[in-house]
Amino acid sequence: MIASTPPRTTSEVQYQVMWNRLISVVEEQAQALVRTAFSTSVREAGDLSAGVYDAQGHMLAQAVTGTPGHVNAMADAVAHFIRRIGRENFAPGDIYITNDPWEGTGHLHDITIVTPSYYNETFVGFFACTAHIVDIGGRGFGADANSVYEEGLYIPIMKLADRGVVDQTMMRIIRGNVREPDQLVGDIYALASCNEIGHRRLIDMMKEFELADLSGISEFILSNSRRATLERINALTPGMARGEMRTDGYAQPVDLKVQLTIEKDRILCDFAGTSGLDKKGINCPLVYTKAYACYALKCAIAPEIPNNAASLAPFEITAPENTIVNALHPAPVALRHIIGHMVPDAVYAALDQLLPGLVPAEGAGCLCNFQVSLRPRSDAPAPPHARRAEVLTFNSGGSGARPGLDGMNATAFPSGVMTMPVEATEQVGPVLIWRKELRADSGGAGRHRGGLGQYMEVGAQEGYEFDIQAMFDRVNHPANGRQGGSKGSATTIALDDGAPMRGKGKQFVPHGKKVMMAFPGGAGYGPVCERSTAEILKDLAGGYITAQAAEELYGLAPQQIADVLERAKNGEAF
């Protein structure tokens with residue numbers, strides 16, 4: 001009689017290796033999307049997410065490349081796919097799709113693709129990815145819509161491919177409803193392809209470690225992540241604090257209010273008291289508010305623990321329905337990031353009272369994005385080659401100063417996306433970037449200085465006019481300092497003839513005109529009198545502050561300023 005082979009046991013070391021492998025798998029998945037996507041928002045800015053999930057829909061690992069708004073919202077999305085599609089309808093070769101703002105990642109401009117993964121004909125889990133696409137039809141990417149129905153094509157959770165066969169009827173509907181059909185369809189196929197790459201790498205790992213399914217590694221990841229996160233939370237002193245901040249809103253200011261409570265095994269954020277729905281498209285579904293509130297808490301309390309379903313679970317986020325941070329259908333939500341990106345600073349206003357010396361000052365918050373819709377000039381004959389084009393640019397103001405360091409210049413916190421290069425922007429349409437440089441004196445003064453915003457001047461090539469969709473905040477409510485630090489500089493926007501423009505909304509720019517923009521700086525941290533002279537001199541020499549600011553804000557003597565500028569002119573190091 002031949003003895004049976006005992007079941008193979010897996011050590012904790014092997015599970016840790018697998019955990020790291022899964023993180024590398026989803027990072028390869030994300031990088032594949034960056035390489036193959038058609039939209040510059042994905043290729044150049046990295047506005048995407050990628051993740052792997054177990055058979056129950058729990059997120060096990062997320063890519064390093066990507067945005068917390070996407071990946072943390074996508075952590076909840078897979079459960080909706082399971083519910084809508086039904087497990088009994090899963091099959092190898094299937095691909096699922098949606099851009100549902102409430103069951104996806106917050107607005108119609110994000111396409112989420114979910115792919116079930118099979119090994120030896122057994123369903124083992126999912127791969128999911130999301131990307132921001134440049135156009136989804138409707139009014140275009142902007143805040144001017146009055147309901148979600150005006151904001152573009154809605155794709156409910158459904159099968160893009162059934163057992164490997166793509167639904168061509170759906171693809172024709174998509175093509176017929178958007179301004180850039182080739183670009184969008186290309187992005188959809190790129191999303192599906194990157195999931196397939198993740199699947200292949202997962203199967204390689206399962207073969208290498210002789211896994212029949214992901215139940216063992218899932219239990220290891222989720223149990224260890226939950227234990228580690230609870231340890232961080234339970235090491236804190238329990239307490240409650242309230243934080244608030246005011247932002248520009250669309251036609252009237254928006255107040256974000258949060259009550260933060262640290263308890264045993266959990267941290268609660270309740271946004272009761274926050275402003276109600278806006279009439280225009282800056283409302284934020286709760287899934288996106290939750291994504292950024294969790295991200296803020298995770299960065300402050302457990303930054304080294306990888307993001308997954310278990311490490312996010314102890315952070316509980318609530319808000320009354322139909323407040324601006326819990327917008328229900330059919331509220332317009334296209335620019336939900338205008339509010340969502342401000343959520344971390346509101347959370348930190350409360351957390352700073354409970355854990356002083358931990359969180360940064362307020363920064364620019366939301367991205368300083370704008371989209372230009374270019375067309376042949378209408379006031380005179382246009383060149384025969386003139387064509388329509390949609391160009392979306394991702395830009396950033398400065399981040400807030402940190403308790404021990406200056407803020408980062410032109411850096412997107414909390415979104416984490418990259419500022420798009422001028423060259424990449426200009427090659428996708430007849431847009432011209434005349435100026436893009438750091439904005440001196442825009443960082444708030446303090447013991448540590450806020451990060452600088454930037455200047456941008458934008459126009460069109462000869463023969464074109466355009467509409468600009470402005471998506472800015474901090475025009476009337478610049479970033480506030482923390483622990484005695486000063487405010488950052490406010491956003492400004494105007495035509496080159498000095499005519500003022502609005503911070504949000506679609507606005508016409510005639511042929512030959514330019515839009516002049518100055519993006520906001522981050523606020524300072526701590527009293528300005530505590531900033532070291534060496535740091536002030538270095539800022540002056542580097543052009544981060546002007547001679548006027550060095551004298552008026554920091555108290556440098558005129559002769560000292562002149563000496564520093566002369567040394568900088570001669571190339572001397574500081």
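- Within the 6.0 Å centre-distance limit, the rings of His107 and His132 are counted as a close aromatic pair.
- When atom types are taken as modelled, the side chain of Glu27 and the backbone of Ala63 share no donor-acceptor pair closer than 3.5 angstrom.
- One side chain, Asp110 or His70, offers a donor N or O that lies under 3.5 Å from an acceptor on the other.
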Intermediate values then yes/no, side-chain contact (heavy atoms from CB on, under 4.5 Å), Thr229 and Phe315: CA-CA 10 Å; Thr229 305; Phe315 305 111; 4.1 Å; yes
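- For Ala331 against Ala327, the heavy-atom pair with the smallest separation is CB-CB, 3.9 Å.
- With values rounded to the nearest 0.5 angstrom, Ile155 atom CD1 is found 4.5 Å from Asn99 atom CG.
- Side-chain atoms of Met158 and Ile97, non-hydrogen and from C-beta on, do get closer than 4.5 Å to each other.
- The distance between the ring centers of His341 and Tyr292 falls below 6.0 angstrom.
- The shortest distance between side-chain heavy atoms of Ser24 and Asn20 does not fall below 4.5 Å.
- Using a 4.0 Å cut-off between charged side-chain N and carboxylate O, Lys298 and Glu304 make no salt bridge.
- Remark: Ile339 CD1 to Thr289 OG1 distance equals 8.5 Å, nearest 0.5 Å.
- For the pair Ser215 and Asp54, the minimum side-chain heavy-atom distance is 4.5 Å or more.
- Remark: side-chain polar atoms of Asp76 are not paired, donor with acceptor, to backbone N or O of Glu103 under 3.5 angstrom.
- From Glu390, atom CD reaches atom CD of Gln183 across 9.5 Å, with rounding to the nearest 0.5 Å.
- Between Phe472 and Phe519, the angle of the ring planes lies from 30° to 60°, which puts this pair in the tilted group.
- Distance alone, capped at 3.5 Å, is enough to place a donor-acceptor pair between the Ser275 side chain and the Asp255 backbone.
- Counted within 6.0 Å of CZ on Arg87, heavy atoms from surrounding residues, nucleotides or ligands total more than 12; the atom is thus considered enclosed.
- Side-chain contact check for Asp100 and Thr98: no donor-acceptor pair (N or O, by modelled atom type) lies under 3.5 Å.
- Listed here is the closest heavy atom pair of Gly397 and Cys368: N-SG, 3.6 Å.
- Counted within 6.0 Å of CZ on Arg139, heavy atoms from surrounding residues, nucleotides or ligands total more than 12; the atom is thus considered enclosed.
- A pairwise comparison of heavy atoms in Leu48 and Ala30 identifies CD1-CB, 3.8 Å as the closest pair.
- Remark: the backbone N or O of Thr36 is not paired with any side-chain donor or acceptor of Arg43 at under 3.5 angstrom.
- Side-chain atoms of Asn283 come within 3.5 Å of backbone atoms of Asp278 as a donor-acceptor pair (strictly under, hydrogens ignored).
- Counting all heavy atoms, side chain and backbone alike, Ala300 lies closest to Leu358 at O-CD2, 3.7 Å.
- Taking a cutoff of 4.0 Å between a charged side-chain nitrogen and a carboxylate oxygen, Glu362 and Arg482 do not qualify as a salt bridge.
- For the 3.5 Å distance criterion, the side chains of Asn307 and Gln62 qualify, holding a donor opposite an acceptor.
- Between Thr40 and Phe394 the shortest side-chain heavy-atom distance does not fall below 4.5 Å.
- Residues Arg474 and Asp345 are paired through a salt bridge, judged by an N-O separation under 4.0 Å between the basic side chain and the carboxylate.
- Ile113 pairs in a side chain to side chain contact (heavy atoms under 4.5 Å, CB included) with only one of the listed residues (Leu160, Asp187, Leu33), which is Leu160.
- Using cut-offs of 30° and 60° on the angle between ring planes, the pair Phe413 and Tyr348 is parallel.
- The ring of Phe370 has its center no closer than 6.0 angstrom to the ring center of Phe141.
- The main-chain N or O of Ala319 is never found under 3.5 Å from a side-chain atom of Thr323 such that the two would form a donor-acceptor pair.
- Residues Asn308 and Leu60 have side chains not in contact (no heavy-atom distance under 4.5 Å, counting atoms from C-beta outward).
- In this structure, the side chain of Gln29 does not engage the main chain of Val25 through any donor-acceptor pair within 3.5 Å.
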Report, one line per pair, each donor and acceptor closer than 3.5 Å where one atom sits in a side chain of residues 124-131; sequence neighbours left out.
| from | atom 1 | to | atom 2 | distance (Å) |
| --- | --- | --- | --- | --- |
| Thr130 | OG1 | Thr112 | OG1 | 2.9 |

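- Contact of the Arg242 side chain with the Val258 side chain is not registered, since no non-hydrogen atoms from C-beta on lie closer than 4.5 Å.
- The aromatic rings of Phe123 and Tyr118 lie tilted to each other, with the angle between the two planes from 30° to 60°.
- Here the CG-NE2 distance, from Asp47 to His337, works out to 9.5 Å after rounding to the nearest 0.5 Å.
- Thr115 and Glu196 share no donor-acceptor pair across their side chains, judged by distance under 3.5 Å alone.
- Side-chain atoms of Asn395 and Asn369 include no donor-acceptor pair closer than 3.5 Å.
- Atom CZ of Arg226 is surrounded by 12 or fewer heavy atoms from other residues, nucleotides or ligands within 6.0 Å.
- Side-chain atoms of Arg21 never come within 3.5 Å of backbone atoms of Leu202 as a donor-acceptor pair (strictly under, hydrogens ignored).
- Between Pro253 and Arg246, the closest heavy-atom pair is CB-CD, 3.8 Å.
- Gln371 and Thr393 share no side-chain donor-acceptor pair at under 3.5 Å.
- Asp144 and Tyr250 share a donor-acceptor pair across their side chains, judged by distance under 3.5 Å alone.
- The heavy-atom pair separating Arg336 from Thr105 by the smallest distance is NH2-O, 2.9 Å.
- Under the 4.5 Å side-chain criterion, counting only non-hydrogen atoms from C-beta, Leu108 is in contact with Val148.
- Ion pairing between Lys290 and Glu316 fails under the 4.0 Å rule for side-chain N and carboxylate O.
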Chi angles and distances behind the side-chain contact (heavy atoms from CB on, under 4.5 Å) call for Val166, Tyr189: CA-CA 10 Å; Val166 173; Tyr189 280 116; 3.8 Å; yes
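- Between the side chain of Thr411 and the backbone N or O of Asn409, at least one donor-acceptor pair lies under 3.5 Å.
- Remark: side-chain polar atoms of Ser399 are paired, donor with acceptor, to backbone N or O of Met408 under 3.5 angstrom.
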side-chain hydrogen bond (donor to acceptor under 3.5 Å, both in side chains) between Ser373 and Gln469, worked out: CA-CA 8 Å; Ser373 301; Gln469 281 279 12; over 6 Å; no
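- The side-chain heavy atoms of Phe220 and Gln16, taken from C-beta on, include a pair separated by under 4.5 Å.
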Lys159/Asp94 under salt bridge (Lys or Arg N to Asp or Glu O under 4.0 Å): CA gap, chis, key distance, verdict: CA-CA 7 Å; Lys159 289 191 176 186; Asp94 279 2; 3.1 Å; yes
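- Between Ile262 atom CD1 and Leu351 atom CG the span is 6.0 Å, to the nearest 0.5 Å.
- A salt bridge is absent between Arg175 and Glu180: the closest approach of a Lys/Arg side-chain nitrogen to an acidic carboxylate oxygen does not fall below 4.0 angstrom.
- Atoms CD1 and CD1, on Ile301 and Ile233 in that order, are 6.5 Å from each other to the nearest 0.5 Å.
- In this structure, a donor-acceptor pair under 3.5 Å is absent between the side chains of His199 and Tyr119.
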